[in-house]
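Chain A is the first sequence line, chain B the second, and so forth, proteins listed ahead of strands; every chain is numbered from 1. Predicted, not measured: the structure shown is a model, and the values here were computed from it.
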Amino acid sequence: MPVRVLSEGAGPGAQVPAHLTRIPISLITTSTDFSNITVKGKVVQKCPLVTLASDNVILKTVIQEEDFPPNSSSQNPSINIILFGALAKDFNQTVNQGDVVVASGFTVGKSPTVHKDKLHPCNLLLSGDNACIYVTLLPPPLLHPRSPPTAKRSSALSAEVSRATKAPKYTYVRLGDLKPGTIVNVYGVVVFFKQPFKSRGTDFCSSLKITDQSNQKIGCTIFCQLEDHPKIFQIGDIIRFHRVKTQSFNNSITLVTSFGFSVLVFDGAEGGSMEPRTSSRSFHIDQEDRQTVEELRSWAANQALVPSVPIIPLCAVSPKAYFDLTCQLLAKAPIDTTCTLLRVWDGTRCPHALLNVIVEPNVTEGPTSFSQEKGSLIANILVYDNHTEFARQLKPGDFLRIYNLRAIPGSSKVPGLTSSQSEEVDHLAFHLHGGTAYGRGIRVLPENSPVVKELKRVMKAFPEDDEYELNDDEYELNDEDMLDIWCTPPEFLEISCGHDTQLVTLSEVKRSDPGRVHHVRVQLRTYEPRRLHQALKLYCSKCTSMQDVPDDELVSGLFSEASKDSGPCSPPPWALSGRVDVPGDSPGSPKRTLSVHMSTQLMSEDKSKELIFLMGSTLEETRRIAAGYQNIVPVMSSAGHLALLDLSAPFLFRGRKTYYGCKRCSEAAVREPSCAEGVEMIDEKIIAEALGVQLLQFVLLMKLQLQDTTDTLDVFLWRDAEAFFGVLAEDVAANQEAQNIIHQTMDSLCPAEGSTGEHPWMDLCLTVYRAEDDEGRNQTCYQICHSTVTKPFSTQSNANPA
DNA sequence: GGTTAGGCTTTG
């Protein structure tokens, strides 16, 4: 008998053979002559029996010396003992934590876990016939069977009684030891998992695969209500099942939940939290459980159980890759029945341009605008099919992990994508494809989880969005350093320059007085804004105010707001009312019929298609209808009368062009154009005038940083921007070709590659003038004038005028 | 008393 239970009363020493000498644990070294010595200690840790592939079994225990010799300077020494074969089995059955043992016949090895467990640098290895454990059993406390084994009683009970009064213990089967048709308790490390999905039966189903030190990979199928499914967050999590059924399927053992099963999930990180994730209100974990979890953690740490799909932040995504994303949901919006948009961020900046998906704001749950900085970090995720249903339960602010997300580059056709975005060819979209293959799905992470805490820490660095909420007449200005000038456009001095004035250097320009025009030869160092749509502004020639072009999100919102009042509406006497079919957004999609009003006079002149007043349409529908009519003026019902929409929305659609009015300078009302008779074409000016709208003009505004060998100088390109590029700002707002011209020009003048010194030289005229900023301060400004870019650019590196 | 599914080789 390798494990011997010592008789009561006499004390362990009495029956330990007399030729053996006990030595303190602290004196053990690998060079100890251990042939006739013993060590003694209390079992402070007993690990589960492990079956090795060779059919051998092994068990690890830790004993702590309590009484010999008293050591005042340090903790009582503890040492790892590894038991093999029959000794391990005996020990497993006979000895429990708290028992005092004497070990003999061991060999001494180096402890491989010394750095981790900080225990004795050696371990004791017990195998074969010479090895022996003598044990004094711990008597059970009579009233509190589960209390820690501290109250050692002098009147010791026998071993048998001791075992009988102990609380029932769960035994866990190694995954390599599973036999079919049994109910077992197991521990395992998750190597694959799938989010729960609705089964055809009464439950939700999820499947996962687990492994342990026996290296078996065991599939598990879980049927139960959604909330009872294991809360697995990532591969490597550790799972404890109680009462699961083993089944044979396809020649391998699988685990299936049986009636009354229960499950706990632990973080898989070494040293991680021991708090289990569970919906179960009554569960019990003891020291042995903690030990098992730690062992699985350290074993798994060396097993390369790396997830097939990595968890990566947005700043590290690569196009086409599948990955898991941990993020916060900011807003969501249904796109159609099979697709939902999730707008998320993780506080990092994706190096690739992100696709913007435009939806109507009234269907968006959560904010529709963000600070520019935060807004530029937002990723748009389209989740499809079964995931849209799950997305319905999500709330803005939730922290999510999205599994098997795909980053899709290029101009993928995205629902809700508008024509104005056609330039976004290389922008990344994120798709969560339908189905649950590859573990695809979404999980809400609890607020207290370590990853969420870390995300919150990163996100704290960004300002709150409140101050950026849009209101009716104020748009977010994107380039704060240009804001002053944008609000108060500079007065332009009409001084002509035939490029025949003498060349001067930038440092001379800086020293010159306002009111002059100079001819310079310079290179473009940099410019802003980099995004063309930010360079497009709306300018009122009457009040000289300048504003951003409202984005589609805002305009969509105004359209849907305008269509809310569907009460009776009496058209003006000059109008004929009718209905118009609005084509669906794709072939086969249902048509909508909307109210239109037309000028009786135009009808009589057979010009009915030249101008319609359209009611109740969305922005998208208005754009579609604009293809078939020359002029469309969106209108709404307001207190029973026809009215124009809020002037933040375009008051007129002409083909792909849209026209805006100045809120300050317009007295807008729905009126019949009075000049229709005899006029060849009804254009935006005629309509604006009839409606009392002060037409806003599209303009381009950029800030260029120029350099020559003497200095650098920030100059505006504004009044003569159209002449500079040879395009109309109005066209830039409406079509890709005009946008391309500007992109190509700027790319030639300021290539992404190469140093500034290699940029082409340009001959420009600059005006110098004084302008007031918002606070009434006078400042000197510079503006490019009378200069046109003509290609090819001269690269006269020898023409440097220094 | 006991169904359901049994990863996967990736649409928009």
Side-chain angles (χ1 to χ4, degrees), chain A residues 178 180-181 183 188-211 216-226 228-230 232 234-235 237 239 243-261 305-310 318-324 333-342 355 357 359 380-388 391 402-417 421 427-441 443 585-589:
Chain A
L178 294 172
I183 303 280
V189 181
V190 175
V191 292
F192 167 79
F193 66 106
K194 207 170 171 172
Q195 299 301 322
F197 57 95
K198 191 93 190 67
S199 76
R200 276 185 237 264
T202 57
D203 294 320
F204 277 80
C205 175
S206 67
S207 37
L208 56 134
K209 201 164 256 180
I210 59 174
T211 189
Q216 291 289 319
K217 292 199 169 56
I218 300 293
C220 313
T221 307
I222 290 143
F223 295 108
C224 60
Q225 290 311 297
L226 190 57
D228 296 326
H229 277 263
I232 301 168
Q234 69 186 86
I235 287 170
D237 281 352
I239 199 161
R243 293 172 291 273
V244 283
K245 217 161 33 184
T246 56
Q247 279 183 357
S248 194
F249 178 75
N250 279 347
N251 296 323
S252 49
I253 297 263
T254 59
L255 294 171
V256 187
T257 50
S258 72
F259 192 62
F261 95 103
L305 301 173
V306 280
S308 50
V309 179
S318 8
K320 295 185 181 169
Y322 290 92
F323 65 105
D324 293 349
I335 299 286
D336 57 40
T337 53
T338 67
C339 180
T340 297
L341 170 70
L342 302 181
L355 185 82
V357 179
V359 293
N380 286 298
I381 297 178
L382 295 161
V383 307
Y384 290 93
D385 304 338
N386 52 317
H387 309 300
T388 63
I402 305 178
Y403 301 92
N404 200 242
L405 195 55
R406 183 156 203 215
I408 297 184
S411 55
S412 33
K413 277 237 187 305
V414 167
L417 184 69
Q421 290 189 299
H427 291 205
L428 279 190
F430 297 93
H431 289 215
L432 182 65
H433 297 315
T436 60
Y438 300 96
R440 281 199 291 260
R443 180 135 220 147
D585 52 1
S586 58
S589 61

ask   = With centres under 5.5 Å and planes under 30° as the test, does Tyr322(A) stack with dT10(B)?
value = yes
request  = Would you check if the side chain of Asp336(A) reaches a backbone N or O of Thr338(A) as a donor-acceptor pair within less than 3.5 Å?
outcome  = yes
task = Kindly indicate whether the side chain of Arg440(A) and the base of dT10(B) share any N or O donor-acceptor pair separated by less than 3.5 Å?
result = yes
inquiry  = Using whole Å, what does the distance between atom C1' of nucleotide dG6(B) and atom CG of Asn251(A) come to?
reply    = 13 Å
request  = Remember a base hit wins even if backbone is also touched, and classify Asn250(A) as base, sugar-phosphate or nothing at under 4.0 Å, heavy atoms.
outcome  = nothing
Separation of atom CG in Leu405(A) from atom C1' in dT11(B), rounded to whole Å = 15 Å
inquiry  = Quick check: on DNA chain B, is the nucleotide nearest Lys245(A) upstream (toward 5') of the one nearest Phe192(A), or the reverse? Name the residue that is more 5'.
reply    = Lys245(A)
ask   = Of the nucleotides dG6(B), dG12(B), dT4(B), which has the atom closest to the His433(A) side chain?
value = dG12(B)
key: Distance in angstrom units between His387(A) NE2 and dG12(B) C1', rounded   = 12 Å
query = Contact class for Lys209(A) vs. all strands (heavy atom < 4.0 Å): base, sugar-phosphate, or nothing?
reply = base
request  = Quickly work out the Leu341(A) CG to dG12(B) P distance and round it to whole Å.
outcome  = 17 Å
remark   = The nucleotide from dT4(B), dG12(B), dT10(B) with an atom nearest the side chain of Tyr438(A) is dT10(B)
query = Rounded to the nearest Å, what distance is computed from the CD1 atom of residue Ile408(A) to the C1' atom of nucleotide dG12(B)?
reply = 8 Å
query = Quick one: are the ring centres of Tyr438(A) and Tyr403(A) less than 6.0 Å apart?
reply = no
request  = Return the stacking result for dG7(B) and Phe193(A): yes when the ring centres lie under 5.5 Å apart and the planes under 30°, no otherwise.
outcome  = no
query = Given dT4(B), dT11(B), dG6(B), which nucleotide is nearest the side-chain atoms of Ser199(A)?
reply = dT4(B)
query = What nucleic acid atoms does Gly435(A) come within less than 4.0 Å of, heavy atoms only: base, sugar-phosphate, or nothing?
reply = nothing
ask   = What is the distance, rounded to the nearest whole Å, between atom CG of Asp203(A) and atom P of dG6(B)?
value = 14 Å
query = With side chains defined as the heavy atoms from C-beta onward, is the minimum distance between Tyr384(A) and Leu432(A) less than 4.5 Å?
reply = no
query = Over how many whole Å does the gap from Asp324(A) atom CG to dT10(B) atom P extend?
reply = 17 Å
query = Partners of Thr257(A) by side chain to side chain contact (heavy atoms under 4.5 Å, CB included), sequence neighbours excluded?
reply = Ile222(A), Phe223(A), Phe261(A)
request  = Write down the distance between CZ (Arg200(A)) and C1' (dG2(B)), rounded to a whole number of angstrom.
outcome  = 19 Å
request  = Compare the minimum distances between each of dG6(B), dT11(B), dC8(B) and the side chain of Phe249(A), then state the nucleotide with the smallest one.
outcome  = dG6(B)
ask   = In chain order, what residues pass the side chain to side chain contact (heavy atoms under 4.5 Å, CB included) check against Phe192(A), with sequence neighbours excluded?
value = Lys194(A), Lys209(A)
message = Between Lys198(A) and Phe259(A), which residue's closest nucleotide on DNA chain B lies nearer the 5′ terminus?
response = Phe259(A)
